[in-house]
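Scroll down for the structure; my scribbles are underneath it.
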Amino acid sequence: MAAPVGVRVFDKIADKYEFTAKFLSFGIMPYWLKRLAEPIRGGETVLDLACGTGILFPRLVEKFRRVVGLDYSLPMLRQAAKKGLSRVRLVRGDALRLPFEDESFDAVVVSLGLRHFEDLDRSLEEIFRVLKKGGELHALEVGLPENPLLRSLFLTFLRRVVLPLGRLRAKEDVYDHLFGSIIRFPHGEEMVKRLLSKGFSRARFEPLMGGIVYLYRAEK
Ligand SMILES: C[S@@+](CC[C@H](N)C(=O)[O-])C[C@H]1O[C@@H](n2cnc3c(N)ncnc32)[C@H](O)[C@@H]1O
């Protein structure tokens, strides 16, 4: 399978992904993940969609009997395999064509993944399809702060720090990937409307750090 654009960068930085993500978030990323995971109701099976290096696995195995981590990037999955957690099954696959039966999961969790999918609507339809009735979607994604000063600081940080670092590591133009996609990506109320339009109910959002990231939750 030829890797989609949103995967190529991760193929190249897999070994440094967790360090880079923590560094670029000023060490705050574990707090975001805690906030994402804490309210998740436990159950039988959870899908960690775009699981990457499996940064969420330790939190998910505490709540679910079985954890399935899916990602398109083999190098990221290799890093995830090093976590060596039993009860976690790793699957290479595409978020736009999930290799699972309808209504397979009690919950789907997507941490910093939605923005990288080539077709957001399609990925939401797939998530909806594989969730059991009453199952929950929990997502974390980068957004844009509403406050003009904070927004401008955040955009400057992306342009001056994240982009040059991304270019250096990935050795290709990652502008669209690391910058354009954040500006264009629906956040807050707009994302809630998307979720509702795909059939989810009780869709809601919560901005963290003034809207630099958002948590989304919804039910099937
Ligand atoms: C920013 S990383 C997030 C990893 C992890 N969830 C975390 O919170 O650290 C985004 C991940 O999305 C994956 N990805 C991008 N497009 C994908 C697709 N179409 N199907 C599956 N995974 C995809 C990438 O390979 C990468 O591992």
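By convention here, the first residue in the shown sequence is residue 1. Just so you know, ligand 1 is whichever comes first in the structure, and atom 1 is the first atom listed for that ligand.
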Looking at residues at least two apart in the chain, or sitting in another chain, which of them share a salt bridge (charged side-chain N to carboxylate O under 4.0 Å, His left out) with K132?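 Per chain and number, K132 pairs via salt bridge (charged side-chain N to carboxylate O under 4.0 Å, His left out) with D106.
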Within the protein, flag every N or O under 3.5 Å from an N or O of ligand 1, and note the pair and distance.
{"from": "ligand 1", "atom 1": "6 (N)", "to": "A50", "atom 2": "O", "distance (Å)": "2.7"}
{"from": "ligand 1", "atom 1": "6 (N)", "to": "S111", "atom 2": "O", "distance (Å)": "2.8"}
{"from": "ligand 1", "atom 1": "8 (O)", "to": "S111", "atom 2": "O", "distance (Å)": "3.2"}
{"from": "ligand 1", "atom 1": "8 (O)", "to": "S111", "atom 2": "OG", "distance (Å)": "2.6"}
{"from": "ligand 1", "atom 1": "9 (O)", "to": "Y17", "atom 2": "OH", "distance (Å)": "2.7"}
{"from": "ligand 1", "atom 1": "19 (N)", "to": "D94", "atom 2": "OD1", "distance (Å)": "2.9"}
{"from": "ligand 1", "atom 1": "20 (N)", "to": "A95", "atom 2": "N", "distance (Å)": "2.9"}
{"from": "ligand 1", "atom 1": "22 (N)", "to": "Y72", "atom 2": "N", "distance (Å)": "3.3"}
{"from": "ligand 1", "atom 1": "25 (O)", "to": "D71", "atom 2": "OD1", "distance (Å)": "2.6"}
{"from": "ligand 1", "atom 1": "27 (O)", "to": "D71", "atom 2": "OD1", "distance (Å)": "3.2"}
{"from": "ligand 1", "atom 1": "27 (O)", "to": "D71", "atom 2": "OD2", "distance (Å)": "2.7"}

Quiz question: by atom type and distance under 3.5 Å, do the side chains of E219 and S201 form a donor-acceptor pair?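 No.
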Run the side-chain donor-acceptor check on residues 42-50: report pairs under 3.5 Å with partners two or more places apart or on a different chain.
{"from": "E44", "atom 1": "OE1", "to": "R65", "atom 2": "NE", "distance (Å)": "3.3"}
{"from": "E44", "atom 1": "OE2", "to": "R65", "atom 2": "NE", "distance (Å)": "3.1"}
{"from": "T45", "atom 1": "OG1", "to": "R66", "atom 2": "NH2", "distance (Å)": "3.1"}

Quick one: does NZ or CZ of K198 land under 6.0 Å from the six-membered ring centre of F128, within 45 degrees of the ring axis?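 K198 over F128 ring: no.
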Under the salt bridge (Lys or Arg N to Asp or Glu O under 4.0 Å) criterion, do R217 and E38 qualify, and how do the steps go? CA-CA 12 Å; R217 306 193 194 271; E38 243 169 21; over 6 Å; no
K82: side chain to side chain contact (heavy atoms under 4.5 Å, CB included) partners, not counting sequence neighbours: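 K82 satisfies side chain to side chain contact (heavy atoms under 4.5 Å, CB included) with Q79 only.
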